[in-house]
Amino acid sequence: MITSFFYSNFATSKFSIAIPLKTKKDIRALSKEQLRDFFVGNNDKAFRGNQVYEWLWSKAAHSFDDMTNLSKATREMLDENFVINHIEVDAMQRSNDGTIKNAIKLHDGLIVESVLIPTEKRTTACVSSQVGCSLDCKFCATAKLKRMRNLNADEIYDQVVAIDKQSRLYHHHKLSNIVFMGMGEPLMNYNNVIKAIDKITSPEGLGMAAKRITLSTSGVPRMIKKLADDNVRFNLAVSLHSAIDEVRTTIMPFNNRFPLNDLKESLEYWYEKTKRKITYEYVVWKGINDRKEDVRALVEFCKHVPCKVNLIEYNPIDDGIYQQASETALNNYISNLENNDIVVNVRRSRGKDIDAACGQLANKS
Ligand code: SAH
């Protein structure tokens, strides 16, 4: 329940007082059941709740006036009680390679970024889960923005709807995949991310298959176990970047709190319960994790749970401390992983010219 208030200032000749006024609730925070109850409580039929729910989610209505199968009196009653918070695409940039980066304005004026990444066979939405980020990865531009707040489930869902529209408009087919690799750490906003994914996969929302969704995490062991317990059907990617605690703590300081052994245990638990492979995301940096022992440690780490490795190209974030390692170092990783029967892909960046690539989302606009 939203219980916030705003204050309206009344200036008189002698003094000014602040009178708290109750703000209207965001109707999209209500479940279908709650909407049905609301109508019953107002001497109306429960199925009105279904109608409104459909307008809000499948039809993405932004105003009660759009809800044309409701009477004028019902629409006015809703308007008196609720608002429909929604996001807006505030600015859109298109890259030479077709990638589109959106600055998304939230109802309170804060901005997050989401990206549409087209390839020959698919279009992928890269969505944000927090304004800023809870974590402190040294190589990531988003980490430089402190976490302002978590996104609500509907704000996450709306990013997907907006990008699906762009996919249909510019690429003439619907969105095929979603990755939680935008701003923020999705497992530090667990409930809202799960609620949003439920909407995305539900027939009353976008009806997308869960297997087309990948949640990427820096690795919060407790929450990885919770994902497994909650029996989620989407894919899990872990931003590993090093399989040696001292190195990983230097580049991802929160590794102090969630060391590799705990991460490993949680991933074993995930695999035991879900039987789904993990993807490790890994950037190789010059002088940081390009030694033989770094490669050996990764190979050993990969043996614990069935997995594949995506070697990601580094997207510089201006400070010059982190630099992409040499081709030789990269090839060393590839041959050692392959010799141990571990699947490895090299991922080239997209949308670099507009700062839309991994780790570059930082609200520069
Ligand atoms: N917090 C989540 C999701 C956001 S980051 C996570 O850590 O997985 C998405 C991916 O981009 C992660 O694999 C992250 O390690 C990677 N990344 C961050 N900064 C990067 C950069 N400058 N260049 C390349 N990849 C980067």
Side-chain angles (χ1 to χ4, degrees), residues 99 101 112-115 117 124-147 150-151 156 159 177-190 192-193 196-197 213-221 223-224 227 234-243 247-248 250-255 257-258 263 266-267 278-286 288-289 298 307-325 330 345-364:
T99 300
K101 179 168 83 168
V112 290
E113 292 176 336
S114 342
V115 184
I117 308 157
T124 301
C126 174
V127 296
S128 295
S129 54
Q130 297 182 314
V131 187
C133 188
S134 304
L135 301 178
D136 46 8
C137 305
K138 295 295 180 201
F139 48 84
C140 179
T142 309
K144 309 223 179 295
L145 310 168
K146 68 175 187 350
R147 187 195 78 97
N150 285 342
L151 295 188
I156 298 169
Q159 291 174 64
N177 294 72
I178 303 172
V179 292
F180 281 79
M181 292 187 190
M183 296 172 145
E185 169 48 52
L187 293 190
M188 298 236 167
N189 185 15
Y190 189 94
N192 291 338
V193 166
I197 294 178
I213 301 174
T214 300
L215 183 149
S216 174
T217 175
S218 292
V220 187
M223 299 323 258
I224 291 174
L227 284 176
F234 49 80
N235 305 300
L236 182 64
V238 174
S239 305
L240 192 59
H241 304 309
S242 173
V247 179
R248 195 165 192 260
T250 315
I251 54 183
M252 303 167 86
F254 71 90
N255 184 70
R257 276 193 289 154
F258 311 126
L263 179 60
S266 69
L267 296 173
I278 312 278
T279 301
Y280 294 124
E281 293 152 278
Y282 203 100
V283 178
V284 188
W285 290 283
K286 204 175 184 170
I288 291 182
N289 57 356
L298 177 62
C307 65
K308 66 173 182 181
V309 175
N310 283 348
L311 291 178
I312 314 174
E313 187 183 352
Y314 177 54
N315 304 305
I317 56 158
D318 292 347
D319 59 13
I321 299 167
Y322 288 87
Q323 286 168 26
Q324 174 77 47
L330 216 61
N345 302 302
V346 178
R347 292 263 180 256
R348 299 270 166 233
S349 285
R350 308 288 309 269
K352 258 179 156 176
D353 53 328
I354 54 167
D355 284 337
C358 276
Q360 290 187 315
L361 302 182
N363 292 347
K364 269 197 192 169

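We count ligands from 1, going down the list as the structure has it; atoms in each ligand are counted the same way. These values consider heavy atoms only, across backbone and side chains, with no hydrogens, waters or symmetry-generated copies. Values in this document were obtained by computation on a predicted structure and should not be read as measured data. Position 1 is the first residue of the sequence; numbering continues from there.
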Take Ile224 and Leu263, measure what side chain to side chain contact (heavy atoms under 4.5 Å, CB included) needs, and give me the verdict at the end.
CA-CA 8 Å; Ile224 291 174; Leu263 179 60; 3.8 Å; yes
Passes salt bridge (charged side-chain N to carboxylate O under 4.0 Å, His left out), Glu313 versus Arg347? Steps please.
CA-CA 6 Å; Glu313 187 183 352; Arg347 292 263 180 256; over 6 Å; no
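Of all atoms in ligand 1, numbered sequentially from 1 with element shown, those under 4.0 Å from a heavy atom of Gly182 are 4 (C). Short contacts between ligand 1 and Ser239, defined as distances under 4.0 Å to a heavy atom of the residue, involve ligand atoms 6 (C), 7 (O), 8 (O), 12 (C), 13 (O), 14 (C), 15 (O). Interface of Cys140 with ligand 1, defined as ligand atoms under 4.0 Å from a residue heavy atom, comprises 18 (C), 19 (N). Within ligand 1, counting atoms from 1 as listed, the ones closer than 4.0 Å to a heavy atom of Glu313 are 24 (C). Atoms of ligand 1 lying under 4.0 Å from any heavy atom of Met181, numbered from 1 in the order shown and given with element: 4 (C), 9 (C). Listed by atom number, the atoms of ligand 1 under 4.0 Å from Ser218 heavy atoms are 1 (N), 6 (C), 7 (O), 8 (O).
Looking at Glu281 against ligand 1, only its side chain comes within 4.0 Å, counting heavy atoms. At a heavy-atom cutoff of 4.0 Å, ligand 1 is contacted by the backbone of Thr217 but not by its side chain.
Distances between N or O atoms of Tyr314 and those of ligand 1 include no value under 3.5 Å. Among the atoms of Val283, none of the N or O lies under 3.5 angstrom from an N or O of ligand 1.
Between Thr214 and Phe234 the shortest side-chain heavy-atom distance does not fall below 4.5 Å. Counting heavy atoms from C-beta on, the side chains of Val247 and His241 never come closer than 4.5 Å. The closest side-chain heavy-atom distance from Val284 to Tyr314 is not below 4.5 Å. Using a 4.5 Å heavy-atom threshold, the side chains of Tyr190 and Leu227 count as touching. Between Leu236 and Thr279, every side-chain heavy-atom pair lies at or beyond the 4.5 Å cut-off.
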Donor-acceptor contacts, no H, no angles, side chain residues 129-141, under 3.5 Å, sequence neighbours left out:
from: Gln130; atom 1: OE1; to: Ser134; atom 2: N; distance (Å): 3.2
from: Gln130; atom 1: OE1; to: Ser134; atom 2: OG; distance (Å): 3.3
from: Gln130; atom 1: OE1; to: Glu185; atom 2: N; distance (Å): 3.0
from: Gln130; atom 1: NE2; to: Ser134; atom 2: OG; distance (Å): 2.9
from: Gln130; atom 1: NE2; to: Asn150; atom 2: OD1; distance (Å): 3.0
from: Asp136; atom 1: OD1; to: Phe254; atom 2: N; distance (Å): 3.4

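Close to ligand 1: His241, with a non-hydrogen atom less than 4.0 angstrom away.
When the options Gly184, Ala237, Cys133 are ranked by their closest heavy atom to atom 3 (C) of ligand 1, first place goes to Gly184. When the heavy atoms of Gly219, Ala141, Ala143, Ser216 are ranked by distance to atom 2 (C) of ligand 1, first place goes to Ser216.
When the ring pair (Phe, Tyr, Trp, His ring centres under 6.0 Å) test is applied to Tyr280, the partners found at least two apart in sequence or on another chain are Phe301.
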